Amino acid sequence: MNELHSTDLLIVGAGPAGLALALALAQAGIASRLIEQEPVAGLASPPEDGRDIALTHRSRRILQKLGIWQRLPEADIAPLREARVSNGGSPLVLPFDGRADGHEALGWLVPNHRLRAAAHAAAAEAPGVSLIGDCRIVGFDRDARGATLQAADGTRFTAPLVVAADSRFSTLRRMAGIGARMLDFGRTALVCRMSHEADHGGVAHECFRYGNTLAMLPMNGRHSSAVVTLRSDLVAEWQGLSDADFAGRIQEQLGSRLGAMAVAGARHAYPLVGVYASRFAGPRFALVGDSAVGMHPVTAHGYNFGLYGVEVLAAELARARRLCRDLGEEAPLRAYEREHRRTTLPIYLGTNAIVQLFTDDRGPARLLRGAVLRAAKGMPPLQALIARQLTGAGAR
């Protein structure tokens with residue numbers, strides 16, 4: 001067996017959240033080793049996966065500090081200036097504008113694979129960050145002296161603290177004995193890049209239709225990312241449409257707001273499951289990213305919450321390092337858990353309630369859906385509050 005002792009902290013999962021944590025720790029002088037079950041080559045040049053990530057102002061600040069934002073291709077950063085929400089066949093539109101919170105834009109949209117590549121490139125140059133790929137963890141132990149991970153090939157890794165960043169279905173979270181509440185929405189998000197005749201003006205559309213939800217996310221040029229959320233048993237029929245028929249259906253559901261449309265990329269399907277861990281930390285162990293909170297994408301908080309958690313956990317560990325404390329001790333981990341739960345739990349619960357209401361097509365729910373939007377339309381302070389939450393401004 002190969003014992004490795006030369007690191008301050010172990011991170012399992014080299015996705016965007018794990019890489020961001022490694023970079024934040026490196027800036028505090030804390031060395032980390034990232035352990036990833038996928039090959040390293042795939043991390044450096046991840047394939048396009050159809051997902052586009054909405055980033056808040058706070059997330060942009062974090063990414064800039066970590067040196068990730070600067071590595072994103074400028075042509076792939078699209079400003080999200082306004083979001084408009086509609087319900088069923090009603091002409092009522094509920095707008096959210098970044099200017100309500102004093103900003104030119106609500107946030108920015110960036111392709112997920114570009115974020116992953118930029119994070120990997122930054123981590124590859126950061127002192128104190130090492131990455132091991134093709135490594136599957138099969139065991140986790142801890143005691144008063146430290147924590148140990150065992151890989152499938154028998155290699156053992158040790159450190160004062162282990163952090164799980166291995167997805168909302170985290171294997172390591174289960175090994176640590178931490179449960180999670182899971183909400184399977186019975187829905188799948190079908191995503192596809194579209195080109196269109198008219199200029200979108202940086203406006204996103206969230207159309208809560210009867211039968212499915214359609215979101216159009218503005219990318220640079222006359223392109224948008226179409227996100228169709230529908231019952232999982234209907235995905236095969238949508239996937240079976242020709243490109244022309246798929247584009248025609250999207251155009252019709254959007255009311256031809258963007259003119260003639262055409263498919264400009266592959267279609268990708270993602271089942272939707274919400275996840276909220278019962279704890280974000282334990283003895284010599286912590287959770288970040290989707291391992292802690294896995295959001296429904298309708299309110300675009302998923303990766304933003306991951307970055308917020310990284311910022312808080314890294315700050316607590318940096319403070320412990322300055323005080324020459326054990327990185328795996330209880331106090332900084334509890335402080336991280338309290339703050340991250342305060343930030344995420346109300347929005348997690350609120351998002352799930354919104355999704356369950358606005359995907360319920362029964363008569364009483366339809367009436368309530370309309371009443372909720374009309375009430376929100378008549379309350380500008382509420383719209384401003386929601387816009388502030390969407391921008392992520394003012395936090396920390």
Side-chain angles (χ1 to χ4, degrees), residues 15-18 20-21 51-63 68 78-80 82-83 85 94 96-98 100-101 103 105-112 115 165 167-168 170 180-183 185 187 189 191 204-206 208 213 215 217-218 225 227 229 270-277 280 287-313 336-337 339-359 376 382-396:
L21 178 61
R51 290 179 290 185
D52 293 291
I53 307 301
L55 297 168
T56 66
H57 290 258
R58 178 180 174 186
S59 289
R60 177 176 174 170
R61 290 195 300 270
I62 295 171
L63 292 173
I68 295 174
L80 174 57
E82 185 182 342
V85 179
L94 182 62
F96 298 101
D97 194 321
D101 196 38
H103 297 284
L106 285 170
W108 297 268
L109 289 153
V110 179
N112 181 59
L115 271 172
S167 88
R168 65 187 65 201
S170 171
R181 64 180 83 173
M182 294 193 178
L183 178 56
F185 294 98
R187 299 287 194 279
V191 297
H205 297 274
E206 186 77 46
F208 290 105
T213 297
L217 308 178
S225 176
V227 184
T229 303
Y270 297 98
L272 298 179
V273 179
V275 175
Y276 202 91
F280 295 159
L287 301 165
V288 296
D290 282 356
S291 299
V293 184
M295 294 288 293
H296 188 286
V298 69
T299 52
H301 279 95
Y303 183 52
N304 294 297
F305 277 169
L307 287 174
Y308 300 171
V310 162
E311 182 180 47
V312 174
L313 179 58
Y336 156 68
E337 178 167 37
E339 174 61 17
H340 200 42
R341 190 173 298 277
R342 183 193 67 80
T343 300
T344 60
L345 185 57
I347 297 173
Y348 176 82
L349 296 175
T351 296
N352 292 347
I354 289 170
V355 169
Q356 290 175 313
L357 173 61
F358 281 87
T359 56
L382 176 61
Q383 294 176 55
L385 178 63
I386 295 174
R388 185 172 180 78
Q389 185 57 241
L390 292 173
T391 63
R396 290 187 74 86

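What you see is a predicted model; the values in this text were computed from it and never measured. Nothing fancy with the numbering, it's 1 onward along the sequence.
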K.L.:
Between Arg168 and Val273, which heavy-atom pair has the shortest distance, and what is it?
P.N.:
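Here Arg168 and Val273 meet closest at NH1-O, 2.6 Å.
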K.L.:
Please check this pair: side chain of Asn112 against backbone of Arg51, looking for a donor-acceptor N/O pair closer than 3.5 Å.
P.N.:
no
K.L.:
Does a donor on one side chain and an acceptor on the other come within less than 3.5 Å for Tyr308 and Thr344?
P.N.:
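No.
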K.L.:
When rounded to the nearest 0.5 angstrom, what is the spacing between CD in Glu206 and CD1 in Ile354?
P.N.:
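Answer for the CD-CD1 pair, Glu206 versus Ile354, is 10.0 Å.
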K.L.:
Quick check: closest heavy atoms across Asn304 and Ala54, and the distance to 0.1 Å?
P.N.:
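Scanning both residues, the minimum pair turns out to be ND2-O, 2.8 Å.
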K.L.:
Over all heavy atoms of both residues, which pair between Pro218 and Leu109 is shortest? Give the atoms and the distance, please.
P.N.:
O-CD1, 3.2 Å
K.L.:
Between Leu183 and Gln356, does a side-chain contact (heavy atoms from CB on, under 4.5 Å) hold up when you go through it step by step?
P.N.:
CA-CA 11 Å; Leu183 178 56; Gln356 290 175 313; 3.8 Å; yes
K.L.:
Minimum heavy-atom separation for Ala204 and Leu217, please, with both atom names.
P.N.:
CB-CD2, 4.4 Å
K.L.:
To the nearest 0.5 Å, how far apart are CG in Leu307 and CG in Leu21?
P.N.:
10.5 Å
K.L.:
If you measure from CE on Met295 to CD1 on Ile347, what distance do you get to the nearest 0.5 Å?
P.N.:
7.0 Å
K.L.:
Please check this pair: side chain of Glu337 against backbone of Phe280, looking for a donor-acceptor N/O pair closer than 3.5 Å.
P.N.:
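At least one qualifying donor-acceptor pair exists.
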K.L.:
Less than 4.5 Å apart, side chain to side chain, heavy atoms only: is that true for Thr359 and Phe185?
P.N.:
no
K.L.:
State the CG-CD distance between Leu63 and Glu311, to the nearest 0.5 angstrom.
P.N.:
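Leu63 CG to Glu311 CD: 10.5 Å, rounded to 0.5 Å.
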K.L.:
Can any side-chain N or O of His301 pair as donor or acceptor with the backbone N or O of Tyr348 at less than 3.5 Å?
P.N.:
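No, the answer is negative, given that no donor and acceptor are paired below the 3.5 Å cut-off.
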K.L.:
Over all heavy atoms of both residues, which pair between Asp52 and Pro111 is shortest? Give the atoms and the distance, please.
P.N.:
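Smallest heavy-atom distance, with atoms named: OD1-CA, 3.3 Å.
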K.L.:
About how many Å separate CG of Asp290 and CZ of Phe305, when rounded to the nearest 0.5 Å?
P.N.:
11.5 Å
K.L.:
Between Tyr336 and His340, what is the ring plane arrangement, given parallel below 30°, perpendicular above 60°, and tilted in between?
P.N.:
parallel
K.L.:
For Arg341 and Tyr276, run side-chain contact (heavy atoms from CB on, under 4.5 Å): C-alpha distance rounded to whole Å, both residues' side-chain angles, the deciding distance at 0.1 Å, then the answer.
P.N.:
CA-CA 10 Å; Arg341 190 173 298 277; Tyr276 202 91; 3.2 Å; yes
K.L.:
Could you walk me through whether Thr213 and Val298 pass side-chain contact (heavy atoms from CB on, under 4.5 Å), step by step?
P.N.:
CA-CA 10 Å; Thr213 297; Val298 69; 5.7 Å; no
K.L.:
Angle class for the Phe208/Phe358 ring planes (parallel below 30°, perpendicular above 60°, tilted otherwise)?
P.N.:
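Aromatic pair Phe208/Phe358 classed tilted.
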K.L.:
If I compare all heavy atoms of Ser291 with all of Ser170, which pair ends up nearest, and what's the gap?
P.N.:
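Result for this residue pair: OG-CB, 3.7 Å.
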K.L.:
How long is the span from the OG1 atom in Thr56 to the CG atom in Leu80, to the nearest 0.5 Å?
P.N.:
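If we round to the nearest 0.5 Å, Thr56:OG1 and Leu80:CG are 11.0 Å apart.
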K.L.:
Report the C-alpha distance between His296 and Leu272 in whole Å, list the side-chain angles of each, state the deciding distance to 0.1 Å, and finish with yes or no for side-chain contact (heavy atoms from CB on, under 4.5 Å).
P.N.:
CA-CA 7 Å; His296 188 286; Leu272 298 179; 3.4 Å; yes
